[in-house]
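Bear in mind that the values here come from a model prediction, so they are computed numbers and not experimental data. Keep in mind that the numbers below use all heavy atoms, side chains included, and drop hydrogens, waters and symmetry copies.
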Amino acid sequence: MLQRLWRWLKRYFQRLFGNQQTRSLREQRQVEPPQRLTDAEYESLFFELLGEVERGSTKGEVKAFLDGKRINKAHLVDWLRGFGEGLVGSPNDELARRMVRLGELSIGEVIDVAYDIGRRLEGGKTNRRGAEDAEGEAEVKEITLDELLIRLQQDANLVQQVAQQLGIETSDPQVIIEALINQFNAANDSTTSEAKFWFNQGVDQYESGNFVSAIASFDKAIEFNPDNYSAWLGRGLALDNLGQFKEAIASFDKAIEFNPDNYSAWLGRGLALDNLGQFKEAIASYDKAIEFKGDDHEAWFNQGVVLGKLGRFEEAIASYDKAIEFKGDFNLAWYNRGVVLGKLRRFEQALASFDKAI
C-alpha cells in the first residue's frame with residue numbers, strides 16, 4: 001500500500017513543485033464516464049489543438065482547452081497512437097514541427113505522445129527528459145511520508161500550499177497527510193474503474209471474434225492493473241485465436257504468475273504448446289490444469305489428443321475415458337477413442353466407440 005501510495009505522491013509533488021496547475025480533490029473525483037468519438041472527430045479535435053499552440057497559447061490555456069472538451073483522454077491517446085503509426089513513412093515536416101512544439105508543453109500523456117510522434121517523423125529521439133526533470137525527480141525520491149510530515153510541521157508555507165492544492169482548509173500536517181492518502185484512494189478507485197471498463201470491452205470484442213481489438217483492450221486493462229490475471233488470460237486466448245502461439249504462451253505465463261492455480265491459463269497454455277508441436281510441454285500444462293480442476297473434460301480430452309500424437313495410445317484411451325466420465329455425450333472423445341483403439345487393432349471396441357459417437 002505504502003509503495004503504491006508513494007509512487008502516486010511522487011507524481012503529485014512533481015506537478016506541485018513544478019509550478020503546474022493541479023485539480024482540486026473535488027475535481028479529481030468528478031470522473032467523466034468514458035465516451036469514444038469517431039476517428040474524424042478525434043482528428044478534428046487534434047488539429048484544433050495544434051492550432052491553439054500555433055496561435056501561441058500558453059501551457060495553462062492548452063490544458064484548459066483539453067479539459068474543457070470533457071473527453072476521455074485515454075481514448076484520445078489510443079487514437080493518436082494509431083494516427084501516428086499511419087504517418088510514419090509519410091514525411092510531413094510542418095506537421096512534425098507543430099507536434100513537437102505541442103509536445104514541448106509537457107502537460108500530459110496526450111502531449112507526450114504527440115511529441116514522440118513528431119520526433120519520429122523528424123527522425124530524432126523521443127526521450128525529452130531534461131536535467132531539470134531528472135533533478136526534480138531525484139529530489140522527490142529523497143522524501144518519505146515521515147519526512148514529509150516533518151517538513152509540514154516545520155514549514156507553515158508548505159502546509160498552506162499543499163492544503164490549497166488539496167482543496168481543504170487546515171493547518172494541521174497530520175490532516176494533510178490523511179487527505180493525501182484519501183486522494184490517492186480516490187485516484188486508485190478511478191484507475192480500477194478504467195481497468196474494468198477496458199477488460200469488459202475486451203471480453204465483448206473477444207466474444208464477437210474481434211481478436212485484434214480485444215488484445216488492444218486487454219492491453220489497456222493491464223496498463224491500469226498490471227497484475228490482472230484475467231486480462232492476461234483473455235489476451236492469451238485472443239492471441240491463440242490469431243495463431244500467435246508464442247505470444248499467447250507469454251500471456252498465459254503472466255496469468256499463471258499472478259494466479260498459479262488458474263486452470264484456464266494452464267489449459268490455454270497447453271493448447272498453444274500443442275500447436276507449436278511441443279507435445280511433452282503441452283502434456284505438462286494439461287496435467288496442471290487437471291490438478292486444479294480434475295473434472296474438466298476438455299483438459300482430459302486435449303491430453304488424450306497429444307498422447308495419441310506421441311503414440312502413447314493406452315494413455316490416450318485412459319484420458320478419453322476420463323473426458324467421457326465427466327461428459328458422457330462428448331461425441332468427439334468417443335470418436336477419437338475409436339480411432340486410437342483401431343490403431344491398436346482392437347476393432348470391436350473401436351466400433352463400439354464409433355457407435356457411441358454416432
Nearest-0.5 Å distance that lies between atom CD1 in Ile358 and atom OG in Ser353: 11.0 Å
CD (Glu314) with more than 12 external heavy atoms under 6.0 Å: yes
Candidate pair Ile256 and Trp266, rule side-chain contact (heavy atoms from CB on, under 4.5 Å), full reasoning: CA-CA 7 Å; Ile256 291 165; Trp266 287 109; 3.6 Å; yes
Within one Ile-Leu-Val-Met-Phe-Trp-Tyr cluster: Trp79 and Phe47, side-chain cutoff 4.5 Å: yes
Asn259 side chain to Ala255 backbone, donor-acceptor under 3.5 Å: no
Under 3.5 Å: donor-acceptor pair, side chain of Asp274, backbone of Gly270: no
Shortest non-hydrogen contact between Ala350 and Gly342, atoms and distance: CB-N, 3.8 Å
Nearest non-hydrogen partners of Gly84 and Ile117, listed with the distance: CA-CD1, 3.6 Å
Pair Ile317-Arg346, side-chain contact (heavy atoms from CB on, under 4.5 Å): steps then yes or no: CA-CA 12 Å; Ile317 292 170; Arg346 289 154 59 177; 4.3 Å; yes
Interatomic spacing from CG in Asp78 to OG in Ser217 - rounded to 0.5 Å: 8.0 Å
Shortest non-hydrogen contact between Phe46 and Leu102, atoms and distance: CE1-CD2, 3.9 Å
Straight-line distance of Asp295 CG to Lys327 NZ, nearest 0.5 Å: 12.5 Å
Nearest-0.5 Å distance, CG of residue Leu239 to NZ of residue Lys246: 14.0 Å
Heavy-atom closest pair, residues Phe83 and Glu43: CE1-CD, 4.3 Å
Under 3.5 Å: donor-acceptor pair, side chain of Asn200, backbone of Lys196: yes
Hydrophobic cluster membership, Leu307 vs Ile290, 4.5 Å side-chain cutoff: no
Non-hydrogen atoms of Trp300 and Ser319 that approach each other most closely: O-CB, 3.4 Å
Main-chain N/O of Gly328 paired to Trp334 side chain as donor or acceptor, under 3.5 Å: yes
Spatial distance of atom CZ (Phe301) from atom CZ (Phe326) [nearest 0.5 Å]: 16.0 Å
Geometric cation-pi criterion, Lys309 with Phe279: 6.0 Å, 45°: no
Phe330 and His297 aromatic ring geometry - parallel, tilted or perpendicular at 30°/60° bounds: perpendicular
Residues Arg235 and Glu223 bridged, charged N to O under 4.0 Å: no
Smallest separation among heavy atoms of Ala323 and Ala333, with atom names: CB-CB, 4.4 Å
Candidate pair Val203 and Glu207, rule side-chain contact (heavy atoms from CB on, under 4.5 Å), full reasoning: CA-CA 6 Å; Val203 171; Glu207 290 179 347; 3.7 Å; yes
Test item: Tyr320 side-chain N/O and Leu332 main-chain N/O as donor-acceptor pair under 3.5 Å: no
Any Arg312 side-chain heavy atom under 4.5 Å of Ile283 side chain: yes
Neighbour count above 12 (heavy atom, 6.0 Å) for Lys293 NZ: yes
Side chains of Asp321 and Glu325 in contact at under 4.5 Å (non-hydrogen atoms): no
Main-chain N/O of Ile215 paired to Tyr206 side chain as donor or acceptor, under 3.5 Å: no
Point-to-point distance, once rounded to the nearest 0.5 Å, from CD of Glu41 to CG of Leu45: 9.5 Å
Under 3.5 Å side-chain donor-acceptor pair for Gln205 and Ser213: no
Parallel, tilted or perpendicular, as decided by the 30° and 60° cut-offs, for the rings of Tyr335 and Phe354: tilted
ILVMFWY network linking Leu233 to Phe258, side-chain heavy atoms under 4.5 angstrom: no
Verify same cluster id: Val113, Leu49 (apolar side-chain graph, 4.5 Å): yes
Connected via hydrophobic side-chain network under 4.5 Å: Val340 and Leu310: no
CA sep, side-chain torsions, deciding dist, call: Leu237, Phe252, side-chain contact (heavy atoms from CB on, under 4.5 Å): CA-CA 8 Å; Leu237 293 171; Phe252 291 133; 3.9 Å; yes
Pairwise side-chain contact, Phe313 with Val339, heavy-atom cut-off 4.5 Å (strictly under): no
